Amino acid sequence: MNIGDVANRSGLPAKTIRYYEDIGLVTPLRSANGYRSFRDRDVHKLAFLGRARALGFSIEDCRNLLKLYEDDDRSSAEVKQIAEEHLDQIDGKINELTEMRATLARLVDACAGDHRPNCPILADLAKTPEEIALLNETS
């Protein structure tokens, strides 16, 4: 199978497939003229990687998950640990975004949005890291 066929079947762009090959996640066969020749198992690996990346797993996590997937003697505890660590990271990002949203909503609400030049949004953006740290200590 050529890279175009694999792209269609795996749902990944050819550029991504080439990148995954460059970093050693997939290793298609090469014909005498140097063209890639993908097997069904390569398509399956690429679809696996596409799904894992869509869930936000890092390339290194994908590498480890793929190794575990291919290891019949694997422990599901190892897989769960990787997934739990990723879930913790997602929860952390959600908390950060929630805090960002609350801050921005407060600033938007405080801004009159009229013809006057004073703007709490700009005033907040202009604060130094020291001023922000001081405010965080007092709140």
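Note that the numbering runs from 1 along the sequence shown for the chain. Just so we're clear, the structure is a prediction, and the values are computed from it rather than from any experiment.
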Open item on the list: Apply ring pair (Phe, Tyr, Trp, His ring centres under 6.0 Å) to residues Y69 and H44 and explain how you reach the verdict.
Closed with: CA-CA 11 Å; Y69 179 75; H44 186 76; 5.7 Å; yes
Task: D5 and N2: CA distance, side-chain angles, deciding distance, side-chain contact (heavy atoms from CB on, under 4.5 Å) verdict - done: CA-CA 5 Å; D5 296 332; N2 68 32; 3.3 Å; yes
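Residues satisfying the side chain to side chain contact (heavy atoms under 4.5 Å, CB included) criterion with S58, sequence neighbours excluded, are E60, D61. Residues satisfying the side chain to side chain contact (heavy atoms under 4.5 Å, CB included) test with N33, not counting sequence neighbours, are S31, Y35. Annotation: side chain to side chain contact (heavy atoms under 4.5 Å, CB included) contacts of I59 (sequence neighbours excluded): Y19, Y20, I23, L25, R53, R63. Scanning for side-chain hydrogen bond (donor to acceptor under 3.5 Å, both in side chains) contacts around D40 gives R9, with sequence neighbours left out. Annotation: side chain to side chain contact (heavy atoms under 4.5 Å, CB included) contacts of N8 (sequence neighbours excluded): none.
Taking the side chain as every heavy atom from C-beta outward, E21 and P28 approach each other to under 4.5 Å. Looking at heavy atoms from C-beta onward, L29 lies out of side-chain contact with R36 at the 4.5 angstrom threshold.
The line from CE of M100 to CG of N95 is 11.0 Å long, rounded to the nearest 0.5 Å. The distance from the CG atom of L55 to the CG atom of L87 is 11.0 Å, given to the nearest 0.5 Å. Expressed to the nearest 0.5 Å, how far CG of L104 lies from CD of E99 amounts to 13.5 Å. One finds the CD1 atom of I17 at 12.0 Å from the CG atom of D22 (value rounded to the nearest 0.5 Å). Here the CG atom belonging to L49 is positioned 10.5 Å from the CG atom belonging to D42, to the nearest 0.5 angstrom. Interatomic distance, L134 CG to T128 OG1, rounded to the nearest 0.5 Å: 9.0 Å.
The side chain to side chain donor-acceptor pair (under 3.5 Å) analysis of residues 81-92, with sequence neighbours excluded, yields the pairs Q81-E85.
In the hydrophobic clustering of this structure, L125 does not group with L135; members are Ile, Leu, Val, Met, Phe, Trp, Tyr whose side-chain heavy atoms approach within less than 4.5 Å, directly or through other members.
In R41, the CZ atom is not crowded: 12 or fewer heavy atoms of neighbouring residues, nucleotides or ligands sit closer than 6.0 Å. Applying the 6.0 Å contact sphere to CZ of R39 captures more than 12 heavy atoms from other residues, nucleotides or ligands.
Nearest approach of A7 to P13, heavy atoms of both residues: CB-C, 4.5 Å. When every heavy atom of S10 is checked against every heavy atom of L46, the shortest pair comes out as CB-CB, 3.9 Å.
Listed for the R74 side chain is a donor-acceptor partner under 3.5 Å among the backbone atoms of D71. In this structure, T16 contributes its side chain and L12 its backbone to no donor-acceptor pair below 3.5 Å.
A salt bridge links K127 and D124; the closest N-O separation between the charged side-chain nitrogens and carboxylate oxygens is under 4.0 Å.
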